[in-house]
Amino acid sequence: MTRYYFHLFEDGNLDLDEIGMLLPDASAAHREAVKGAQSMATEERRCHRELRGQSLVIVDEHGAHIVTVPFQMADGRVTLH
Amino acid sequence: MILEGFACRYGMTPNGKRQIFSFHIPGDIPDMQSIHLSVMDHTLGTICASKVAFIPHETVRALCRRWPRIGDVFWRDTLIDAAVFRTWMMGIGRRSAFARIAHLFCELYLRFKAVGLTNGAGFNLPITQAEIGDALGLSTVHVNRTLQELRGENLIVLRGGSLTVPDWEALKQAGEFDPTYLHLQNREAGAGQSQLTAV
C-alpha cells in the first residue's frame, strides 16, 4: 500500500492534502480522484456555485505526480429535459 | 448490545456500494429495530474489534411483557433511532459536506459523552474516511478534503485515532446541530408525567 495525497487546486491556490490515503496502486488513486472530483463538483452545484477550474492533483508519497482530475471532466451533469 | 467497540447499521446496493444508516457505540442495542420483525432488512457490523452481548429476542419480549416500564424504555430507544434516521436524511439531502461531517461529529461527541466515554473534549473515534463517506454519501477524497477544512478552521483536532472538539459552540454552528433529536434530556420515559403528578 502506498500513501497518495489529493491536493486541491482552487482559485489559483494549491491546497495541500496533509492526511492522504493508503491505496494499493496509482490506478486506485486515479479512481478515487475521479469519484472525489464528481462528489465535490456535485457539492458546488448544491451550493449554487459554478465550477471555476478546480482540479484534484494526485501525488504519491515521494511527491511524484500521478494524475490531475479537473472537476469539469468528472462532472456528470444529469438533466431531466 | 455493544459492550466495547464501534458498530454500524448498513445496506448494500446490487453493485456493492454501501450506505451506513447509523453508528453504534457501547451501551447501544442496535438490533431493537428487528425485535418484532421476523426478517431483518439490513445488516449490522462492527467497525473495529468489539465486544458484543447477544440477547435472544424472545427474552427481551418476555421482559417487556413482564415489566412494561422496561418495554417503554426500549420503545423510546427505537423512537430515538428513528429520530436519528430522520436527522441523517435531512443532512444527506440538504446539508453541505462541511455541515454533514460537522453534524456527525457533534452527534457522536454527545452520544459518547452521554455514556461517559469522552475524555475532556475528546473521544476515541475508530472510523475511517471511507466509512464517514459511506455514512454521509460522500466520496472518500471529498471526506478527506472536508476534514482538512474542519481542521483548518480549528473545529476539530484529529490525533492518533481520537477526535477533540476545541470549540463546541463553533462546531455546533458549523454542523447546524440541534441536539433535540437525541432526546438526552429528560431521559426517563414518562418523567414529564411524574413531575405533573408531583405538582
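The sequence lines fix the lettering, A, B, ..., with proteins before strands; numbering per chain opens at 1.
Using a 4.5 Å heavy-atom threshold, the side chains of B:V141 and A:K35 count as separate. A 4.5 Å side-chain heavy-atom check between B:R151 and A:E18 finds at least one atom pair inside the cut-off. In this structure, the side chains of A:M40 and B:L138 stay at 4.5 Å or more apart for every pair of heavy atoms. Between B:S96 and A:E43 the shortest side-chain heavy-atom distance falls below 4.5 Å.
In the hydrophobic clustering of ILVMFWY residues, with side-chain heavy atoms under 4.5 Å counting as a link, B:L158 and B:L117 come out together. There is a path of hydrophobic side-chain contacts, each under 4.5 Å, that joins B:V165 to B:I127. Residues B:F74 and B:L3 share a single hydrophobic cluster, defined by chaining ILVMFWY side chains whose heavy atoms lie under 4.5 Å apart. One hydrophobic cluster, built from ILVMFWY side chains closer than 4.5 Å, cannot hold both B:F85 and B:I35; they sit in different ones. Using a 4.5 Å cut-off between side-chain heavy atoms of Ile, Leu, Val, Met, Phe, Trp and Tyr, with links allowed through other members, B:F123 and B:V115 fall into the same hydrophobic cluster.
In this structure, A:I19 CD1 and B:L147 CG are separated by 5.0 Å, a value rounded to the nearest 0.5 Å. Note: A:Y4 OH to B:N144 CG = 15.0 Å, rounded to the nearest 0.5 Å. Here the straight-line distance linking atom CG of A:L22 with atom OG1 of B:T128 works out to 11.5 Å at 0.5 Å rounding. One finds the CG atom of A:L8 at 9.5 Å from the CD atom of B:Q148 (value rounded to the nearest 0.5 Å).
Residues A:G36 and B:S139 share a closest heavy-atom pair of CA-OG, 3.0 Å.
With a 4.5 Å cut-off on non-hydrogen atoms, B:R100 touches chain A through its side chain but not through its backbone.
Remark: B:R94 CZ is loosely packed, at most 12 non-hydrogen atoms of other residues, nucleotides or ligands lying under 6.0 Å away. In B:W67, the CH2 atom is not crowded: 12 or fewer heavy atoms of neighbouring residues, nucleotides or ligands sit closer than 6.0 Å. Environment of CE in B:M89: sparse, with no more than 12 heavy atoms of neighbouring residues, nucleotides or ligands closer than 6.0 Å.
Remark: side-chain polar atoms of B:R145 are not paired, donor with acceptor, to backbone N or O of A:L56 under 3.5 angstrom.
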